[in-house]
Trainee: 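Have a look at this one before I ask anything.
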Amino acid sequence: MNDLLRDTLTAQADSVEPPPLDLTAIIAAGNHRRSRRRLLTVASGTAVALAGGGLAIAAGRKHRVPSLPFTERRVTYAVGSDLHYGNETISVAPHRITAFVQTDAGFVFLNQENEIHLADHTGVRGLGKGTWRLTADVRGNLVAWVEGFNDHFESVVYDVNAQRELVRTSAGNRIPPNVSLVADPRVVALDGNLAYFGAYDGFYRWDVITNKGERIAKVPLGAVRAVAAGQIVFQQPLTQRPPAVGLAIARTVSTAAPAKFTGQQAFLSPSAKYLVTEPTDALPVIEPGWADLALYEVASARKVGLPYAYDHVYFGQWLGDEKFVAAGKRRFSKSAETDLLVVTAASGAVRVAVPAFSTLRFSTTPPRNAPFALPTGSAITDLY
């Protein structure tokens, strides 16, 4: 019996009666398992559909179909219906990927209707739910999002491997009267067994194993930007009119922490050694100092210089604590050619991983999204 047939029969047998939910085991497995299973080589020119629905490996080249888990973080991006995971290409057609994240158990993406889908070695399947953005940790099987209803929002944490919701709560998210929906609740971060929710009435820390949480700071919606290794990135001062670009880092949200960094979106490395910031708008109308991607060493607040060769750079994913992936539009390129880059955080040195993988041309009708997506969980959008 070959590996593909064995894996298929095993998946079908497992689906007959799901095992009981052991949250501790699930979380531990997601956070600590690092073993890799052998990859199946598929002959060139063959499109292979795997049992369980719709996942196809694009024809025309040799491809290796990754088996669960997807623990390795590779240079990863999506263009149209194709998700590129290192040297492998996974087609999710007819869907077009607008945003996605990686988990150890597979990829979770939004299509053009903002519908949530999972893509793994068994296929592509929809969850029958929709959202605007996705959140995942740098490791593990969990993904999180916020769902909107008539009078409230609900924060959700979902285990991709177990295919079950672990958390669903409306804590802090009843829509106040006359509230502006320009800003909406979001899952700020997943950090190990903890989820961090930005809600209407403050900032919540939620234990995924016990499904219990508490508000840890009464701050405005959007004040907290990122969490990793227990370190929290938040705007300073805590209350201010947008754009709020002064950022502080501490283990608690406090008015005492000094603002040492500048930016809007924030992406901490796994151990919070480095911080990457970038503007929310992909093409800011004005370009002050904070309107570029910036790289900082957290302990010293040293700003690490990046090469001049790219005039628009977008964060993609941390590959570990020392390197991250980004997309950079070549400076002075008339065709807006964009390279996929691997950046060494300590020095800012750049290696071109995939030259001219796309162009930076935004759609002419809203939402004005870029033609490619990076595994941040959010679309790259020209807001104005």
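We use all heavy atoms of the structure for the numbers below, so side chains are in, but hydrogens, waters and symmetry mates are not. Position 1 is the first residue of the sequence; numbering continues from there.
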Trainee: When you check the gap from the basic side-chain N to the acidic O, do K218 and D201 get nearer than 4.0 Å?
Mentor: no
Trainee: Less than 4.0 Å between a side-chain N and a carboxylate O, is that true for D191 and R139?
Mentor: no
Trainee: Under a 3.5 Å threshold, yes or no: a donor from one side chain and an acceptor from the other, between Q235 and R225?
Mentor: yes
Trainee: Of all the heavy-atom pairs spanning A266 and A226, show the shortest one and how long it is.
Mentor: O-CB, 3.5 Å
Trainee: Hey, could you give me the CG/CZ distance between D120 and F70, rounded to the nearest 0.5 Å?
Mentor: 6.0 Å
Trainee: Within the distance-only criterion (no hydrogens, no angle test), does the side chain of T344 pair as donor or acceptor with the backbone N or O of A346 below 3.5 angstrom?
Mentor: no
Trainee: Indicate yes or no: at least one non-hydrogen side-chain atom of H117 is less than 4.5 angstrom from one of R125.
Mentor: no
Trainee: Could you go step by step and tell me if V224 and V253 meet the side-chain contact (heavy atoms from CB on, under 4.5 Å) rule?
Mentor: CA-CA 8 Å; V224 180; V253 180; 4.1 Å; yes
Trainee: Salt-bridge test for D104 and R73: reply yes if a basic N is under 4.0 Å from a carboxylate O, no otherwise.
Mentor: yes
Trainee: Taking C-beta and beyond as the side chain, do L83 and I97 meet within less than 4.5 Å on heavy atoms?
Mentor: yes
Trainee: Taking the six-membered ring for Trp, are the ring centroids of F324 and F315 within less than 6.0 Å of each other?
Mentor: yes
Trainee: Looking at every heavy atom in both L190 and A195, which two are closest together, and how far apart are they?
Mentor: CD2-CB, 3.6 Å
Trainee: How long is the gap from CZ on R330 to CG on D339, to the nearest 0.5 Å?
Mentor: 4.0 Å
Trainee: Following the transitive rule for hydrophobic clusters with a side-chain heavy-atom cut-off under 4.5 Å over Ile, Leu, Val, Met, Phe, Trp and Tyr, establish whether V227 and I216 coincide in one cluster.
Mentor: yes
Trainee: Does a side-chain N-to-carboxylate-O contact under 4.0 Å join E337 and R361?
Mentor: no
Trainee: Keeping the roles fixed (side chain from D207, backbone from K212), state whether a donor-acceptor pair exists under 3.5 Å.
Mentor: no
Trainee: To check you understand the geometry: which heavy-atom pair defines the closest contact between A259 and G246, and what is its length?
Mentor: CB-C, 4.3 Å
Trainee: Counting C-beta onward and ignoring hydrogens, is there a side-chain heavy-atom pair between V233 and L275 closer than 4.5 Å?
Mentor: yes
Trainee: Kindly indicate, with the supporting measurements, whether the criterion side-chain contact (heavy atoms from CB on, under 4.5 Å) is fulfilled by W318 and K323.
Mentor: CA-CA 6 Å; W318 286 100; K323 294 183 178 182; over 6 Å; no
Trainee: Mind checking the OG-CD spacing from S363 to Q112? Nearest 0.5 Å is all I need.
Mentor: 12.0 Å
Trainee: Does the side chain of Q102 reach to within under 4.5 Å of the side chain of T76, using non-hydrogen atoms?
Mentor: yes
Trainee: What's the separation between atom CH2 in W132 and atom OG in S378, rounded to the nearest 0.5 Å?
Mentor: 12.5 Å
Trainee: I'd like to know if the side chain of Q231 and the backbone of V298 have a donor-acceptor N/O pair within less than 3.5 Å.
Mentor: no
Trainee: Does Y384 OH have over 12 foreign heavy atoms under 6.0 Å away?
Mentor: no
Trainee: When you compare the side chain of I380 with that of N369, does any pair of heavy atoms fall below 4.5 Å?
Mentor: no
Trainee: Measure from the side-chain N and O atoms of Y85 to the backbone N and O of R74, and report whether any donor-acceptor pair falls under 3.5 Å.
Mentor: no
Trainee: With a 4.0 Å cut-off, would you call K303 and E297 a salt bridge?
Mentor: no
Trainee: For the residue pair Y310 and L341, establish whether any side-chain heavy-atom pair is separated by less than 4.5 Å.
Mentor: yes
Trainee: Quick one: does N114's side chain have a donor or acceptor within less than 3.5 Å of a partner on G130's backbone?
Mentor: no
Trainee: Would you call L238 and T255 a side-chain contact if the rule is heavy atoms closer than 4.5 Å?
Mentor: yes
Trainee: Just checking, R331 and Y308: is the charged tip under 6.0 Å from the six-membered ring centre and within 45° of the axis?
Mentor: yes
Trainee: V350 and V75: same hydrophobic cluster, using ILVMFWY side-chain contacts below 4.5 Å?
Mentor: no
Trainee: Could you tell me which non-hydrogen atom of S170 sits nearest to which non-hydrogen atom of E154, and how far apart they are?
Mentor: CB-CG, 4.1 Å
Trainee: Please report the interatomic distance CG(D382) to CG(D281), rounded to the nearest 0.5 Å.
Mentor: 5.5 Å
Trainee: For Q264 and T280, indicate whether the former's side chain and the latter's backbone hold a donor-acceptor pair under 3.5 Å.
Mentor: yes
Trainee: Can you get from L293 to V342 by hopping between Ile, Leu, Val, Met, Phe, Trp and Tyr side chains that sit under 4.5 Å apart?
Mentor: no
Trainee: Hey, does the side chain of T103 reach the backbone of A105 with a donor-acceptor pair shorter than 3.5 angstrom?
Mentor: yes
Trainee: Taking side chain as C-beta onward, heavy atoms only, is V146 less than 4.5 Å from D184?
Mentor: no
Trainee: Linking I/L/V/M/F/W/Y whenever their side-chain heavy atoms sit closer than 4.5 Å, directly or via other members, would L295 and W290 fall into one cluster?
Mentor: no
Trainee: Determine, using ring centers only, whether Y296 and Y274 are less than 6.0 Å apart.
Mentor: no
Trainee: How are the rings of W206 and F197 set relative to one another: parallel (under 30°), tilted (30 to 60°) or perpendicular (over 60°)?
Mentor: tilted
Trainee: Shortest non-hydrogen contact from S254 to A256?
Mentor: OG-N, 2.9 Å
Trainee: Is the backbone of V187 close enough, under 3.5 Å, to the side chain of T135 for a donor and an acceptor to pair up by distance?
Mentor: yes
Trainee: Where is the tightest heavy-atom contact between R215 and Y204, given as atom of each residue plus distance?
Mentor: N-CD2, 3.5 Å
Trainee: Within the 3.5 Å criterion, strictly below it, is a donor on D321 or S269 matched to an acceptor on the partner's side chain?
Mentor: yes
Trainee: Going through the checks in order, is the side-chain contact (heavy atoms from CB on, under 4.5 Å) test met by L340 and L374?
Mentor: CA-CA 10 Å; L340 206 65; L374 302 174; 3.9 Å; yes
Trainee: Between V143 and V160, is a side-chain contact (heavy atoms from CB on, under 4.5 Å) present by the stated rule, with each step listed?
Mentor: CA-CA 7 Å; V143 64; V160 176; 3.8 Å; yes
Trainee: With hydrophobic residues grouped by side-chain heavy-atom distances under 4.5 Å, do V313 and V352 end up in a single group?
Mentor: yes
Trainee: Got a second to check how far K260's NZ is from S300's OG, nearest 0.5 Å?
Mentor: 9.0 Å
Trainee: Are F203 and F234, when compared by the centres of their aromatic rings, separated by less than 6.0 Å?
Mentor: no
Trainee: Keeping the roles fixed (side chain from T98, backbone from R96), state whether a donor-acceptor pair exists under 3.5 Å.
Mentor: no
Trainee: I'd like to know if the side chain of S81 reaches the main chain of H95, judged simply by a donor and an acceptor atom lying under 3.5 Å from each other, with no hydrogens or angles considered.
Mentor: yes
